[in-house]
Amino acid sequence: MDFTTIYITLGSNCNFKCSYCMQRYGIQKEIFSNENFDKIKLFLEKTDVKKMMLWGGEPLMYWGKILKLVPYLHDIKPDCRINMITNGSLLTEDKVAFINKYDIGVGLSHDGENTVLTRGKDVLKNPSTMFLFKQIKNKGICCVISAVTQDIYEVWRYYDKLFPEGVAVNFDMLKDFLDIKFLNSFDYEKFGRTMKKIAVRFADAAYREDFATREYHFFYNHVGILNNVLKNDRKTFHLKCGVMSNAINIDFDGNILLCKNSDIVIGSLSDLSAAKKRFETYVKVPEGCNKCQYYTICDPAGCVIENEEMKMKSCKLNAIVYDAFFEGIGIWQKKMLELA
């Protein structure tokens, strides 16, 4: 198995209680592993890893592990990209200096002006934290699309004001786990209109090969998945996370986890084939998904920690995004035919 992405779970503790955190559903007991990572060194050395995700809980709560792992990985895999997603509350000058030294990509979990509603705290309202976050060279915002962030252009404008120098904003789709209030008040029609606007501008950017535009970046992952499906002529669902295909979730003890947001151990690094077989027993595709036109690329169809009811509740929101994406692809194809 060629794992190019490794999610390494440092531990599952977090000092925030975000309202729609997937781990509130996927992790039932604390994930804890020691700080001696000898058990995974050989795996890291022989794996052609291109990206390492430092995962929590809150990664900065496990700073001792990061101090040991990152320099080692940098020495043996100098071209490997190292990233983390954090709530940012534990940033300090020393940590920022270390992050910049090793060019660690930092994604801040933040939901625009309504972050207090979804995260309980807005760290960017703290001048000290804002200053520290701005000092990070390789940074971005990780925003969850919900009822309070569904106006994508409004979210972009908000961050333009906070970061006049520019900052990348990545969007994740809301998963319907323990708290559905951010779906109940969702204006699907308004969101659909916003997505159509993004689709048109995405198509224009693709036609001009202007891949730096926000609209193209919004659909960047969709483009990658579609290319993978077409290249491999895949007829079945695709796990967007790529787990046990090109990605793997592990801890410091060499355990393989079902998902980066799960505490279920499916095996160990000493027997990857057995872990793969056990993983496949958790992949459940709802019957209704089999007839969906987006079956081959849809994330909920392959998410291993959602039950069927959760998958179907999230479906309506995802369908709007996919509708817009393929509308954009159609517009781009028409432009290319006219050019020919």
Side-chain angles (χ1 to χ4, degrees), residues 51 81 83 85 105 107-108 110-114 137-174 186-234 238 240-242 292-301 314-340:
K51 181 170 74 171
R81 291 180 291 118
N83 299 313
I85 297 178
L108 182 71
H110 200 268
D111 297 321
E113 62 181 346
N114 294 300
K137 296 177 182 178
N138 185 3
K139 62 180 177 291
I141 301 293
C142 296
C143 180
V144 174
I145 297 177
S146 70
V148 298
T149 53
Q150 66 182 67
D151 189 331
I152 306 301
Y153 284 95
E154 183 179 283
V155 172
W156 278 329
R157 286 192 294 269
Y158 177 80
Y159 288 116
D160 283 343
K161 293 178 181 178
L162 284 185
F163 302 95
E165 69 280 11
V167 67
V169 182
N170 300 301
F171 292 92
D172 289 319
M173 303 307 297
L174 175 65
F186 205 95
D187 187 335
Y188 292 96
E189 291 186 5
K190 181 179 179 182
F191 183 64
R193 292 193 295 271
T194 299
M195 292 309 303
K196 284 182 178 293
K197 182 189 298 185
I198 292 177
V200 171
R201 296 181 179 179
F202 158 76
D204 184 58
Y207 174 73
R208 292 182 287 107
E209 297 187 355
D210 185 1
F211 305 129
T213 65
R214 284 173 162 174
E215 287 83 0
Y216 188 88
H217 183 73
F218 185 91
F219 284 127
Y220 178 79
N221 287 332
H222 296 79
V223 172
I225 292 171
L226 180 60
N227 285 338
N228 183 63
V229 171
L230 295 174
K231 181 175 64 177
N232 295 296
D233 191 29
R234 300 191 59 149
H238 178 90
K240 183 183 288 187
C241 61
C292 178
Q293 60 184 323
Y294 305 134
Y295 177 72
T296 57
I297 69 169
C298 184
D299 182 17
S314 301
C315 178
K316 187 175 181 179
L317 184 59
N318 283 274
I320 294 173
V321 176
Y322 289 123
D323 283 342
F325 172 62
F326 282 102
E327 181 177 338
I329 292 292
I331 296 172
W332 168 76
Q333 289 176 327
K334 184 178 180 180
K335 286 176 176 285
M336 295 301 291
L337 288 174
E338 291 174 351
L339 178 65

[X] versus [Y]: any side-chain heavy-atom pair under 4.5 Å?
X: Asp111; Y: Val144; value: yes
X: Glu113; Y: Leu162; value: no
X: Tyr322; Y: Met195; value: no
X: Tyr207; Y: Gln333; value: no
X: Thr194; Y: Gln150; value: no

Closer than 3.5 angstrom, by distance alone: can the side chain of Asp151 be matched with the main-chain N or O of Glu154 as a donor-acceptor pair?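 Yes, Asp151 side chain to Glu154 backbone: donor-acceptor pair under 3.5 Å.
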Distance-only, no hydrogens or angles: does the Asn114 side chain make a donor-acceptor pair with backbone N or O of Val148 under 3.5 Å?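 Judged by distance alone, yes, a pair lies under 3.5 Å.
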Decide side chain to side chain contact (heavy atoms under 4.5 Å, CB included) for Arg208 and Asp204; before the verdict, give the C-alpha distance in whole Å, the side-chain angles of both, and the deciding distance to 0.1 Å. CA-CA 6 Å; Arg208 292 182 287 107; Asp204 184 58; 2.8 Å; yes
So which heavy atom on [X] is nearest to which on [Y], and how close?
X: Ala203; Y: Gly328; answer: CB-O, 3.3 Å
X: Val167; Y: Lys139; answer: CG2-O, 4.2 Å
X: Val321; Y: His222; answer: CG1-NE2, 3.7 Å
X: Tyr159; Y: Gly112; answer: OH-N, 2.7 Å
X: Thr149; Y: Cys143; answer: CG2-SG, 3.9 Å
X: Lys196; Y: Ala324; answer: N-CB, 4.4 Å

Ring centres under 6.0 Å, that's the criterion: do Phe218 and Phe202 meet it? no
Point-to-point distance, once rounded to the nearest 0.5 Å, from [atom1] of [X] to [atom2] of [Y]:
X: Ile331; Y: Glu327; atom1: CD1; atom2: CD; value: 5.0 Å
X: Asp210; Y: Arg201; atom1: CG; atom2: CZ; value: 13.0 Å
X: Asn170; Y: Asp172; atom1: CG; atom2: CG; value: 7.5 Å

Can we say Asp187 and Arg193 salt-bridge, meaning some charged N sits less than 4.0 Å from an Asp/Glu carboxylate O?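 Judged by the 4.0 Å cut-off on N to carboxylate O distance, Asp187 and Arg193 do not form a salt bridge.
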Ring pair (Phe, Tyr, Trp, His ring centres under 6.0 Å) between Tyr294 and Phe325: does it pass, once the steps are laid out? CA-CA 11 Å; Tyr294 305 134; Phe325 172 62; 9.0 Å; no
Begin from the C-alpha positions of Leu317 and Phe186 and carry the test side chain to side chain contact (heavy atoms under 4.5 Å, CB included) through to its verdict. CA-CA 9 Å; Leu317 184 59; Phe186 205 95; 3.3 Å; yes
Walk me through whether Ile329 and Lys334 qualify under side chain to side chain contact (heavy atoms under 4.5 Å, CB included). CA-CA 9 Å; Ile329 292 292; Lys334 184 178 180 180; over 6 Å; no
Can a side-chain donor-acceptor contact be found between Tyr153 and Glu215 if the only test is distance below 3.5 angstrom? yes
Phe211/His217 under ring pair (Phe, Tyr, Trp, His ring centres under 6.0 Å): CA gap, chis, key distance, verdict: CA-CA 7 Å; Phe211 305 129; His217 183 73; over 10 Å; no
If we check side-chain contact (heavy atoms from CB on, under 4.5 Å) with Phe171, which of these qualifies: Ile152, Asn221, Ile141?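 Answer after filtering Ile152, Asn221, Ile141: Ile152.
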